[in-house]
Amino acid sequence: MDYLNFYDIIAISKQKERMRSLISFVVVEDDPKTQETIKDVLRRVVISKNNTINVKYFTKYSKDLKKIIDDNSCRKVYIMDIELETKTSGIEIAKMIREKDWESEIIFITSHDKMFETVYRSVYQVFNFIEKFYNMERRLEKDIELIFKKNFDNKMFCVSNRNIDLQIYYRAITYISRDKEERKVLIHTDSNIFKLNMNLNDVMTLLDERFIQTHRSCITNRQRVHEWNWPKNYFILDNGEKVEYLSKKYKKEVEK
């Protein structure tokens, strides 16, 4: 659990613009020649589109790859070979991804065109299936360009002081509560809590329309709520967490 204390907090619009252009790519390919080809394609797209990207390369399923899959704070593009020289295939990795993440894109690359039907029956929402022997570079480059054009939800909550900058994707924030004893605001995500020297009114000015007040001590991301229980004054998030910050005073606003 992370605790951060901030003073003289301001919104940094330049940071927001920089993060909007950031896309993370995850390449899982055990053939060195094919991996180098993918690198060349990514370089060309970055140069031509003047974008900023993060790229991680893997040859097999690993603990580090699992950490990336489990991290839902950013959207990713997975470029994966179907048949890897290990027990865990690209299809199995894709299933793990879809158990936690339905937003990131998955592009399969393979030497076997007969795998097409197996892929689409096994994995939900595949962006494309590319055969290595059929215009792979041109087709992959076209796919990546299309992905860059898509409207990614990269809006962020950004605050800064002289020592630390904090950027959290809006979609990663579940709710924001007020700690009465310390008089601080707690930004809750699926895996962390960030503590700030702010009040809820100031925080609200840095958020978008998906956030609503559900209690005098709580702002909630309505897109992350699975169930509202007004009689018992709590709501349940899409990750299963029960939050007892629901007041009937705000019911009309919530149900708009």
Side-chain angles (χ1 to χ4, degrees), residues 18-154 169 171-172:
R18 174 174 60 82
M19 294 306 296
R20 285 193 189 105
S21 66
L22 182 64
I23 296 179
S24 293
F25 283 81
V26 183
V27 179
V28 187
E29 172 60 66
D30 56 8
D31 177 57
K33 185 177 179 180
T34 303
Q35 192 174 106
E36 192 59 40
T37 299
I38 295 171
K39 287 181 181 179
D40 290 340
V41 171
L42 290 174
R43 290 191 197 105
R44 287 200 300 272
V45 173
V46 170
I47 292 172
S48 64
K49 300 299 180 182
N50 193 28
N51 283 298
T52 301
I53 63 172
N54 286 332
V55 188
K56 297 289 185 181
Y57 293 93
F58 298 90
T59 59
K60 62 182 180 180
Y61 182 72
S62 65
K63 290 182 179 179
D64 288 338
L65 177 54
K66 183 180 185 300
K67 288 180 182 178
I68 292 174
I69 293 172
D70 290 343
D71 178 13
N72 68 349
S73 64
C74 66
R75 188 173 291 181
K76 291 147 283 192
V77 179
Y78 293 89
I79 303 173
M80 293 195 297
D81 193 354
I82 291 176
E83 295 183 316
L84 302 169
E85 294 183 0
T86 57
K87 293 181 180 179
T88 308
S89 68
I91 292 178
E92 289 173 307
I93 294 172
K95 288 179 179 178
M96 296 178 201
I97 293 168
R98 284 296 179 249
E99 285 178 1
K100 299 177 177 292
D101 177 3
W102 282 26
E103 295 186 346
S104 293
E105 307 291 357
I106 298 175
I107 299 174
F108 278 117
I109 296 176
T110 183
S111 298
H112 305 284
D113 57 352
K114 292 182 180 180
M115 295 296 293
F116 180 89
E117 186 175 347
T118 301
V119 166
Y120 281 93
R121 282 185 176 183
S122 303
V123 183
Y124 172 79
Q125 196 172 323
V126 175
F127 189 86
N128 205 356
F129 178 100
I130 300 175
E131 301 93 333
K132 292 183 180 180
F133 53 83
Y134 181 65
N135 294 327
M136 174 188 151
E137 288 187 59
R138 184 165 61 84
R139 294 173 66 194
L140 180 59
E141 187 168 346
K142 183 178 179 181
D143 282 352
I144 294 171
E145 288 177 347
L146 287 172
I147 288 169
F148 271 113
K149 290 177 182 178
K150 289 185 71 174
N151 183 24
F152 280 82
D153 180 10
N154 284 337
Y169 285 101
R171 65 175 178 271

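Start at 1 with the first residue, then count along the sequence. Here the structure is a predicted model, which is why all the values come from computation and not from measurement.
Under the side-chain contact (heavy atoms from CB on, under 4.5 Å) rule, Tyr78 has a single partner from Val27, Ile69, Val126, which is Ile69.
Looking at every heavy atom in both residues, Ile38 comes nearest to Leu140 through CG1-CD2, 4.0 Å. Closest heavy-atom contact between Asp70 and Lys100: OD1-CE, 2.7 Å. The two atoms that bring Arg98 and Glu103 nearest to each other are NH1-N, 4.3 Å, heavy atoms only. Residues Phe108 and Ala94 share a closest heavy-atom pair of CZ-CB, 3.5 Å. The two residues Asp64 and Phe58 have their closest heavy-atom pair at CB-CE2, 3.9 Å.
Take Asp101 and apply the side chain to side chain donor-acceptor pair (under 3.5 Å) test, not counting sequence neighbours, and it matches Ser104. Residues passing the side chain to side chain donor-acceptor pair (under 3.5 Å) test with Lys142: none are found, sequence neighbours excluded.
The closest side-chain heavy-atom distance from Phe127 to Leu146 is below 4.5 Å. Counting heavy atoms from C-beta outward, Val28 and Leu65 have side chains that approach closer than 4.5 Å. Counting only heavy atoms from C-beta outward, the side chains of Met136 and Val41 never approach each other to under 4.5 Å. Side-chain contact check for Met80 versus Ile97: some heavy-atom pair is nearer than 4.5 Å.
Screening residues 31-42 for salt bridge (Lys or Arg N to Asp or Glu O under 4.0 Å) gives Glu36-Arg43, Asp40-Arg43 as the qualifying pairs, with residues at least two apart or on separate chains. Among residue pairs with one or both ends in residues 26-46, none qualify as ring pair (Phe, Tyr, Trp, His ring centres under 6.0 Å); sequence neighbours excluded. The ring pair (Phe, Tyr, Trp, His ring centres under 6.0 Å) pairs that include a residue from residues 25-44 number zero, where partners must be two or more places apart or lie in different chains.
In this structure, Lys76 contributes its side chain and Asp71 its backbone to a donor-acceptor pair below 3.5 Å. In this structure a side-chain-to-backbone donor-acceptor pair under 3.5 Å is present from Gln35 to Glu29.
Taken from OG1 in Thr110 to NZ in Lys132, the straight-line distance is 6.5 Å, to the nearest 0.5 Å. Here the straight-line distance linking atom CG of Asp143 with atom CD1 of Ile79 works out to 9.0 Å at 0.5 Å rounding. Here the CG atom belonging to Asn135 is positioned 12.0 Å from the CD atom belonging to Glu141, to the nearest 0.5 angstrom. Atom-to-atom distance recorded for Lys66:NZ and Lys63:NZ is 10.5 Å, nearest 0.5 angstrom.
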Kindly list each side-chain donor-acceptor pair under 3.5 angstrom involving residues 84-93, sequence neighbours excluded, with atom names and distances?
from: Thr86; atom 1: OG1; to: Thr88; atom 2: O; distance (Å): 3.2
from: Ser89; atom 1: OG; to: Ile91; atom 2: N; distance (Å): 3.4
from: Ser89; atom 1: OG; to: Glu92; atom 2: N; distance (Å): 3.2
from: Ser89; atom 1: OG; to: Glu92; atom 2: OE1; distance (Å): 3.4
from: Glu92; atom 1: OE1; to: Ser89; atom 2: N; distance (Å): 2.8

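Salt bridge annotation for Lys60-Asp30: absent, with no cationic side-chain nitrogen under 4.0 angstrom from a carboxylate oxygen.
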